[in-house]
Amino acid sequence: MAAETQGKPPYPPFTAETAQIKVKAAQDAWNTKTPSKVKMAYTPDSIWRNRDTFLRGRDEIEAFLTQKWARENGYRLRKELFSFSDNKIAVQFWYEFHDAEGQWWRCYGLEDWTFADDGLMRKRQMSGNDVKISEEERWYKDGVDVNTVPISEKH
């Protein structure tokens with residue numbers, strides 16, 4: 001396969017183990033904040049809904065992520081497997097960032113992913129809510145492994 005259309009293991013149908021691998025791979029890719037890398041996990045015609053923004057295809061995904069990470073400074077993300085079935089995965093996530101004025105925010109959200117047979121994501125729907133937080137309330141301070149931060153049910 002050409003690099004532009006190459007698949008991405010693990011492939012559906014998912015098991016608990018392979019779904020977890022997929023979730024953490026996505027988390028790690030997003031934490032690079034490299035849109036040209038992140039977009040390659042999606043089909044060339046992938047459909048996205050990110051809050052109130054609707055996108056289609058890798059070029060739109062890359063442009064969206066470029067703008068997102070230009071304004072979300074200090075971005076750090078954690079994703080956890082919520083549920084899965086044959087070719088679908090649901091994820092809960094939390095990410096933190098600060099805006100241009102230095103105000104910290106935490107986004108609490110859910111994603112619904114649908115995969116093509118080659119393991120690339122063909123549909124992503126995201127709903128999230130941003131909450132203002134103080135410096136003291138931050139979970140993902142510099143050097144912290146996002147996977148080790150305890151997140152209770154109240155979050």
Side-chain angles (χ1 to χ4, degrees), residues 3-4 6 8-10 14 16-44 46-84 88-115 119-155:
E4 189 68 15
Q6 187 173 6
K8 189 160 186 70
F14 297 114
E17 179 183 5
T18 60
Q20 179 70 12
I21 290 168
K22 208 66 151 169
V23 169
K24 291 303 179 177
Q27 172 188 290
D28 293 346
W30 279 63
N31 276 328
T32 70
K33 298 177 286 294
T34 307
S36 61
K37 175 182 178 176
V38 173
K39 76 174 186 178
M40 297 310 293
Y42 303 91
T43 61
S46 187
I47 299 168
W48 273 31
R49 181 189 55 77
N50 197 92
R51 302 178 197 240
D52 62 349
T53 302
F54 295 82
L55 307 169
R56 184 170 198 115
R58 288 179 176 162
D59 291 342
E60 289 183 20
I61 291 167
E62 183 173 12
F64 173 84
L65 293 174
T66 299
Q67 292 172 357
K68 170 186 175 61
W69 290 322
R71 70 180 179 276
E72 292 181 356
N73 302 296
Y75 177 94
R76 299 281 308 277
L77 165 72
R78 177 164 164 187
K79 293 181 184 278
E80 292 294 339
L81 179 62
F82 187 77
S83 184
F84 70 96
K88 295 182 179 192
I89 295 175
V91 175
Q92 61 185 85
F93 66 86
W94 310 264
Y95 68 82
E96 294 176 353
F97 67 95
H98 66 86
D99 59 28
E101 289 76 41
Q103 172 62 57
W104 281 95
W105 298 86
R106 181 178 302 127
C107 181
Y108 296 84
L110 296 169
E111 291 179 323
D112 165 10
W113 303 342
T114 304
F115 291 86
L120 295 174
M121 196 181 304
R122 66 178 181 83
K123 185 177 89 172
R124 173 185 175 266
Q125 296 188 80
M126 179 278 223
S127 296
N129 299 296
D130 294 334
V131 176
K132 235 183 229 192
I133 59 172
S134 67
E135 172 70 28
E136 295 74 32
E137 294 172 298
R138 289 181 56 211
W139 292 339
Y140 311 139
K141 296 187 179 189
D142 294 339
V144 170
D145 178 350
V146 297
N147 294 305
T148 65
V149 174
I151 301 174
S152 69
E153 285 188 355
K154 72 178 186 174
H155 291 286

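Looking at every heavy atom in both residues, Thr18 comes nearest to Pro10 through O-CG, 3.5 Å. Looking at every heavy atom in both residues, Lys22 comes nearest to Lys8 through NZ-O, 2.6 Å. Gln27 and Asn147 make their closest contact through NE2-OD1, 3.1 Å (heavy atoms, listed as atom of the first residue, atom of the second, distance). Nearest heavy atom pair, residue Tyr140 against residue Arg76, reads CD1-O, 3.5 Å. Looking at every heavy atom in both residues, Leu65 comes nearest to Val38 through CD1-CG1, 3.6 Å. For the residue pair Met126 and Cys107, the shortest heavy atom distance occurs at CE-SG, 4.4 Å.
Relative ring orientation between Trp113 and Phe115 is described as perpendicular, the plane-to-plane angle rising above 60° on a 0-90° scale split at 30° and 60°.
The CZ atom of Phe54 lies 13.5 Å from the CH2 atom of Trp48; values are rounded to the nearest 0.5 Å. The CZ atom of Arg124 sits 9.0 Å away from atom OG of Ser46, with the distance rounded to the nearest 0.5 Å. Atom CG in Asp130 sits 5.5 Å away from atom OH in Tyr95 (nearest 0.5 Å). Note: Ile21 CD1 to Leu81 CG = 11.5 Å, rounded to the nearest 0.5 Å. Here Tyr108 contributes atom OH and Asn129 contributes atom CG; the two are 10.0 Å apart, rounded to the nearest 0.5 Å. In this structure, CD1 in Ile61 is found 7.0 Å from OG1 in Thr43, a value given to the nearest 0.5 Å.
Formation of a donor-acceptor pair under 3.5 Å by the Arg106 side chain with backbone atoms of Trp94 is not found in this model. Put simply, the side chain of Glu60 never gets that close to the backbone of Gly57: no donor and acceptor are under 3.5 Å apart.
Between Glu111 and the choices Lys88, Arg49, Lys79, the salt bridge (Lys or Arg N to Asp or Glu O under 4.0 Å) rule is met once, by Lys79. With respect to Glu62, the side-chain hydrogen bond (donor to acceptor under 3.5 Å, both in side chains) criterion is satisfied by exactly one of Gln67, Lys39, Lys37: Lys39.
The shortest side-chain heavy-atom distance between Phe93 and Leu77 falls under the 4.5 Å cut-off.
If you check the side chains of Lys68 and Asn50, you find no donor sitting under 3.5 Å from an acceptor.
Within a 6.0 Å radius of CG in Asp145, more than 12 heavy atoms belonging to other residues, nucleotides or ligands are found. By the neighbour-count criterion of 12 heavy atoms within 6.0 Å, atom CD of Glu17 is sparsely surrounded, having that number or fewer from other residues, nucleotides or ligands. Taking a 6.0 Å sphere around CZ of Phe64, one finds it holds more than 12 heavy atoms contributed by other residues, nucleotides or ligands.
Remark: Arg78 pairs with Glu80 by the salt bridge (Lys or Arg N to Asp or Glu O under 4.0 Å) rule, at least two apart or across chains. Trp69 meets the ring-ring contact (aromatic ring centres under 6.0 Å, His included) test with Trp30, Tyr75; sequence neighbours excluded.
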